[in-house]
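Structure first, then comments.
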Amino acid sequence: MSVRLMVFAKAPVPGQVKTRLIPALGADGAARLAAHLLQRTLDAARDAATALRREKHRSVHIHLCGSPDPEHASWSGIILPKNCAKSAQIEGDLGARMAHAFTPALGCGEDVLLLGTDGVGLDWRRIVQAVQALEQHDAVLQPVLDGGYLMLGLRPAALGKLPALFEAMPWSTDQVAALTLDRLGSLGYATLVLPALRDVDSPGDLAHVLNLVQCIV
């Protein structure tokens with residue numbers, strides 16, 4: 001069995017990431033926070049892969065799907081795990097970009113866990129739990145408290161259903177996780193929903209992550 005841990009992210013360029021936090025942190029501070037969260041996610045994926053290979057003897061691949069292309073100089077300060085694969089996100093809305101990211105690995109028969117980088121409590125143990133859930137479920141969803149989600153895991157059988165999961169989704173609203181779960185149910189997928197985590201998207205979230213803010217400002 002093979003699984004791909006795909007980190008889906010933007011390069012931490014000032015003025016282009018965490019724009020809702022710029023009034024509170026400034027463009028440079030918001031970019032430093034984005035870089036910190038991205039690095040934490042990549043490190044968690046690395047540690048999860050190590051644990052999965054040791055305990056389950058699974059083939060685990062880590063993959064950065066980035067915007068812009070991960071070969072661009074804007075990624076130069078980010079430390080990637082050893083043997084991390086890289087690819088560029090396509091143009092289009094978030095749903096189109098996510099569907100495109102899933103497609104090649106699902107087409108090769110791999111389980112895929114797509115990871116966002118905004119979550120505070122996303123550690124390697126939670127990633128391992130999500131991967132293990134795919135042994136018994138068709139999908140796994142990691143919601144966040146604002147109504148979105150941080151991780152979505154799918155098995156290869158989902159390949160032909162990707163448009164139905166992502167098209168016409170009201171992205172960046174509090175309906176995204178609930179609508180995604182409804183769509184998974186309508187497709188007949190047995191889905192494990194993990195306990196919600198907090199993410200960092202708006203100034204109101206900063207009060208809950210003062211330790212992160214102090215480390216990057």
Side-chain angles (χ1 to χ4, degrees), residues 2-13 15-20 31 34 37-38 41-42 45 61-72 74-75 78 80 84-119 122 127 130-131 134 137-144 146-189 191 193 199-202:
S2 180
V3 62
R4 186 163 297 264
L5 306 179
M6 185 170 293
V7 178
F8 193 82
K10 289 183 179 180
V13 178
Q16 297 182 25
V17 291
K18 295 295 179 190
T19 53
R20 283 185 282 172
L37 291 169
L38 170 59
T41 304
L42 287 165
H61 309 283
I62 303 175
H63 190 132
L64 172 63
C65 184
S67 175
D69 190 304
E71 299 296 342
H72 191 273
S74 56
W75 295 92
I78 302 301
L80 299 181
C84 181
K86 294 179 283 187
S87 64
Q89 296 178 23
I90 64 167
E91 297 294 327
D93 74 359
L94 181 58
R97 289 183 281 128
M98 290 173 65
H100 184 266
F102 269 109
T103 296
L106 292 178
C108 290
E110 295 181 326
D111 292 351
V112 181
L113 184 65
L114 196 73
L115 299 96
T117 62
D118 294 337
L122 182 63
I127 295 171
V131 170
L134 289 174
H137 299 79
D138 303 310
V140 59
L141 187 72
Q142 171 64 76
V144 290
D146 68 3
Y149 61 83
L150 184 62
M151 291 193 296
L152 176 62
L154 296 172
R155 305 207 66 187
L159 179 61
K161 308 294 185 180
L162 292 182
L165 282 178
F166 299 123
E167 287 180 344
M169 181 69 70
W171 301 108
S172 301
T173 72
D174 60 3
Q175 305 172 56
V176 171
L179 285 172
T180 300
L181 188 59
D182 285 346
R183 293 185 185 187
L184 289 166
S186 71
L187 293 171
Y189 288 177
T191 303
V193 182
D199 62 351
V200 188
D201 274 330
S202 66

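Model, not experiment: these values are computed from the prediction.
- H137 NE2 to Y189 OH: the interatomic distance, rounded to the nearest 0.5 Å, is 15.0 Å.
- No donor-acceptor distance shorter than 3.5 angstrom exists from the side chain of D69 to the backbone of H72, with no hydrogens or angles considered.
- Across all their heavy atoms, C84 and L64 have their closest contact at SG-N, 3.7 Å.
- Atom CE in M98 sits 9.0 Å away from atom CG in L165 (nearest 0.5 Å).
- The CE atom of M151 sits 5.0 Å away from the CG atom of L122 when rounded to the nearest 0.5 Å.
- Counting only heavy atoms from C-beta outward, the side chains of V140 and V193 never approach each other to under 4.5 Å.
- When the side chain to side chain donor-acceptor pair (under 3.5 Å) test is applied to E91, no partner is found at least two apart in sequence or on another chain.
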*For the pair L38 and W75, evaluate side chain to side chain contact (heavy atoms under 4.5 Å, CB included) and give the outcome as yes or no after the intermediate values.*
CA-CA 11 Å; L38 170 59; W75 295 92; 3.5 Å; yes

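- The one candidate from V3, L106, L154 that meets the side chain to side chain contact (heavy atoms under 4.5 Å, CB included) condition with V112 is L106.
- Nearest heavy-atom pair, A9 versus T117, reported as atom, atom and distance to 0.1 Å: CB-CG2, 3.9 Å.
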*Evaluation steps, side chain to side chain contact (heavy atoms under 4.5 Å, CB included), between I127 and L115*: CA-CA 9 Å; I127 295 171; L115 299 96; 3.4 Å; yes

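- Contact check for L42 versus L80: side-chain heavy atoms found under the 4.5 Å cut-off.
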_Before you tell me yes or no, could you show the steps for L114 and F102 under side chain to side chain contact (heavy atoms under 4.5 Å, CB included), namely the whole-Å CA-CA distance, both residues' side-chain angles and the distance that decides it to 0.1 Å?_
CA-CA 8 Å; L114 196 73; F102 269 109; 3.6 Å; yes

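- Listed here is the closest heavy atom pair of L37 and V200: CD1-CB, 4.4 Å.
- The salt bridge (charged side-chain N to carboxylate O under 4.0 Å, His left out) contacts involving residues 102-114 comprise R4-E110, R58-D111, D111-R155, where partners must be two or more places apart or lie in separate chains.
- Contact between F166 and W171 at its shortest, heavy atoms only, is O-CZ2, 3.7 Å.
- Note: T173 OG1 to L179 CG = 7.0 Å, rounded to the nearest 0.5 Å.
- Residues P12 and V17 share a closest heavy-atom pair of CA-CG2, 3.9 Å.
- Across all their heavy atoms, V13 and S74 have their closest contact at CG2-CB, 3.7 Å.
- Checking side-chain atoms of T19 against main-chain N and O of Q16 turns up no donor-acceptor pair under 3.5 Å.
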*Can you list the steps and then say if D146 with D199 is a side chain to side chain contact (heavy atoms under 4.5 Å, CB included)?*
CA-CA 8 Å; D146 68 3; D199 62 351; 3.1 Å; yes

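- In this structure, F8 and R97 have side chains that are in contact, with non-hydrogen atoms separated by less than 4.5 Å.
- Using modelled atom types and a 3.5 Å distance limit, the side chains of S87 and H63 yield a donor-acceptor pair.
- Side-chain N or O atoms of Q89 include one that pairs as donor or acceptor with a backbone N or O of C65 at under 3.5 Å.
- Take S202 and apply the side chain to side chain donor-acceptor pair (under 3.5 Å) test, not counting sequence neighbours, and it matches D205.
- Between M169 and Q175 the shortest side-chain heavy-atom distance does not fall below 4.5 Å.
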